[in-house]
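Reviewing the structure listed below.
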Amino acid sequence: MPSLSRLRKIVQDVSSAATLDETLRLIAEQAKDVMSVDVCSIYLKDTEGQDMVLTFTDGLDQSAIGRVRMPIGDGLVGHIAKHQQLLNTDDAIRHPNFHYFPETNEDDYHAFLGAPIVHYREVVGVLVVQQREIRQFDEEDEAFLVTMAAQLSGTLGHAMNSGKVSALLKRGKKANTYVDGIVGSSGVGIGKVALAGGNICFKDVEEVCALDQQAELQDFDRALGSVRRELDAGYQQMADTPGDVQAIFEAYRMILDSDDLQQTVRDKIDDGLVAPAALKLVIEEHASIFEAMDDPYFQARGEDIRNIGLRVLRYLIEPNAVPAQYEQPIILVGDIVSVSDIAEIPAEKLAGIVCQQGSSLSHTAILAGALGVPAVMGVGELPQRKLSGQSAILDGYRGRVHFQPSSALMAEYIRLARQEDEFDRSLDKIRDLPAETLDGSRISLLVNTGLLADISPGLEKGAEGIGLYRTEIPFMIHDSFPSEQMQFQTYRKVLEEFHPRPVTMRTLDIGGDKPLPYFPVEEDNPYLGWRGIRFTLDHPEIFSGQLRALLRASEGLDNLRIMLPMVSSVEEVDSFLEILDNKLQVLADEGVKVKRPPIGIMVEVPSTMFLLDFLAPKLDFLSIGTNDLTQYLLAVDRNNDQVARLFSRLHPAVLRALAMICKQSDELGLECCLCGELAADPVAVVLLMGLGLDSLSMNAHSLPRMKHVIRSFTQKEAKQLLERSLAMSSEGEIRSMLNQVLEERGLGGLIRSGV
Ligand code: PEP
Ligand code: MG
């Protein structure tokens, strides 16, 4: 067994390998060296998940690579894969499961030690060492191989995700390859891949010296001018998408016009570099400072810097570049995809967005959602140039992108997309009808928003009001705390647009996954930390500005409702009410006539479920935030992809919690809404109807579909389905029962599963 420091070094080297081939080679080399064996081979599961295929070997005949295949359960490797456990034998040939492959000349080798490579409970490969002599590997050898296999599992899992393994196994054969990422915006998109910012990347820029520094400086200035014009054109194109989207463009302009950034490039040109190389160094330097931060918001700003850098680079390399002509639907793929990349493509031609990096928090995801364009984020490295021009399918329900799909898969998704379009169009006829069950029970359907840009879809889809306006989003896309006046203008516009419909504005809910770039907070456990009402009560100067802006904005309109996020105790509500009364009084003294708005809280921290009787006399309404309530009930971080499979929206415990809250709010006479993502899940909506909620709030695009589901059932049926579900012990059981019911009702097409 190597020393701990040697092991650590190996792990470090392996995890920093640039390609899968290099990773496999490093592992094999190290294992051979440390264990003094003759052979180290790596078998990987093929794309169909049937066979283990010899993918790399240091010691066996190279011609066997790709040719030796062992079905799971067959041979020693298949045996390890099937049983997911180590196999250690001093003489492989005598083992009952031994299977001889003449290609490998394996009969020369006796000692055999193999460890499964397991990623998220699934065997993705097998790591094997062999030796000519008969030898019993000891415990330390086993421990080392298991460590190596575990090390390989993360890298392999990631690589398999990005399709590299399938490419490796198929050796160039055309394949149905898909990658998985994070849902940025739901929906299905089909089109040809176009690369964001063209085919240009910094990797290809060489650090060469300039012959004529003056000319390089001029080129740099010209490129800056071209990008500036491009951003302005994009800004104009987005003119119909008001307010905050244009603020994003302004943020890009700020980066482009940053004196510091420009001057450092000029200094490097003065030092003798060509403009592209100077730009590359500066962009790398600036972006990596942001990317090294733990905070996802700052990391996203690193993306913005790189993107602007690439745009400048493009004009340095191709001074006369013109925006491409897009004749067919486009799936825009990029390491990062910027707002201006999006703006370059006519809206009707943009079928989807795929980002190698980024999260559901990035500007791109926010904008994609507001525009109703499906998006998948954080898919990991892609062979972008190879993909350019290929056909692709983006399944924004699953967070999956299929490249080079087979004609059968394509046909199926085309059918699905058409069906979706037709279906959505057919729902126009219920736009002005109420969300009412077949036996006349009504529920209000409201929208969740946070950007001015997504106000109009809500109205177009027949929303009866705003159930959740996330005020933190405007805070997040500014570069400092917005002033009271700035906030007033935003809130006033929203209240006016929706008037006389009610608008529930939630007070600032920063913290957790929503940090502010200009107010960094270091916490080990941000979701259990300084979030929502905890932060605002501790910062009365900030809270005061927001409350005054909200109250002033409602003058003469009276459709404002105020909601508090992350409440976990009665004292928090008391403290808030005291501040509110004070603000109302001060405003009255200033001559601003504002009615006291209805006050509610989010029920999203489990403790509030048990305090409703104390809270009821102080409040007018509740809104259940199932995103956080689920996270806290199940102890599953909502943004952590390692545990994403455990984030079970219809977990029996969640359902029982919802039933308990609804029963109590009914008994206490408190109006109750639900505004988490669950409200946009067609399977869940039947149960939410059964719970007797007063309203559901969701993204505008889902609203007509949920209305359709509600109009397809009686309240009596919904209640019976709820009763049956409450008696079930797993989400799987609940979903399969409800899926079947929806199928029988002709609503099967609504079940979110892609193909
Ligand atoms: C929720 O937690 O369910 C919710 C609607 O709020 P957010 O997603 O903004 O935390
Ligand atoms: Mg929440």
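Position 1 is the first residue of the sequence, and the numbers go up from there. Just follow the structure's listing: the first ligand is 1, and inside any ligand the first atom is 1. Basis for what follows: all heavy atoms, side chains included, without hydrogens, waters or symmetry-related copies.
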Interatomic distance, CG@L584 vs CZ@R596, rounded to 0.5 Å, equals 7.0 Å
Value for CZ (F535) from CD1 (I542), rounded to nearest 0.5 Å, stands at 4.0 Å
Under 4.0 Å to a heavy atom of [X] - the qualifying atoms of ligand 1, by number:
X    : answer
R531 : 10 (O)
C675 : 5 (C)
L468 : 5 (C)
E604 : 1 (C), 2 (O)

Shortest non-hydrogen contact between [X] and [Y], atoms and distance:
X    : Y    : answer
P704 : I430 : O-CD1, 3.9 Å
A549 : Q487 : CB-CB, 3.7 Å
E555 : R492 : O-NH1, 2.8 Å
A368 : I353 : CB-CD1, 4.1 Å

Nearest non-hydrogen protein atom to atom 8 (O) of ligand 1, with distance, is R638 NH2, 2.7 Å
Charged N-O contact under 4.0 Å between R705 and D424
yes
The atom name of the N, O or S atom in D628 nearest to the Mg ion (ligand 2) is OD2
In E604, the N/O/S atom nearest the Mg ion (ligand 2) carries the name OE1
Checklist entry - Taking the non-hydrogen atoms of M602, is any one of them nearer than 4.0 angstrom to ligand 1? => result yes
(request) Could you tell me whether ligand 1 has any atom less than 4.0 Å away from a heavy atom of R506? (result) yes
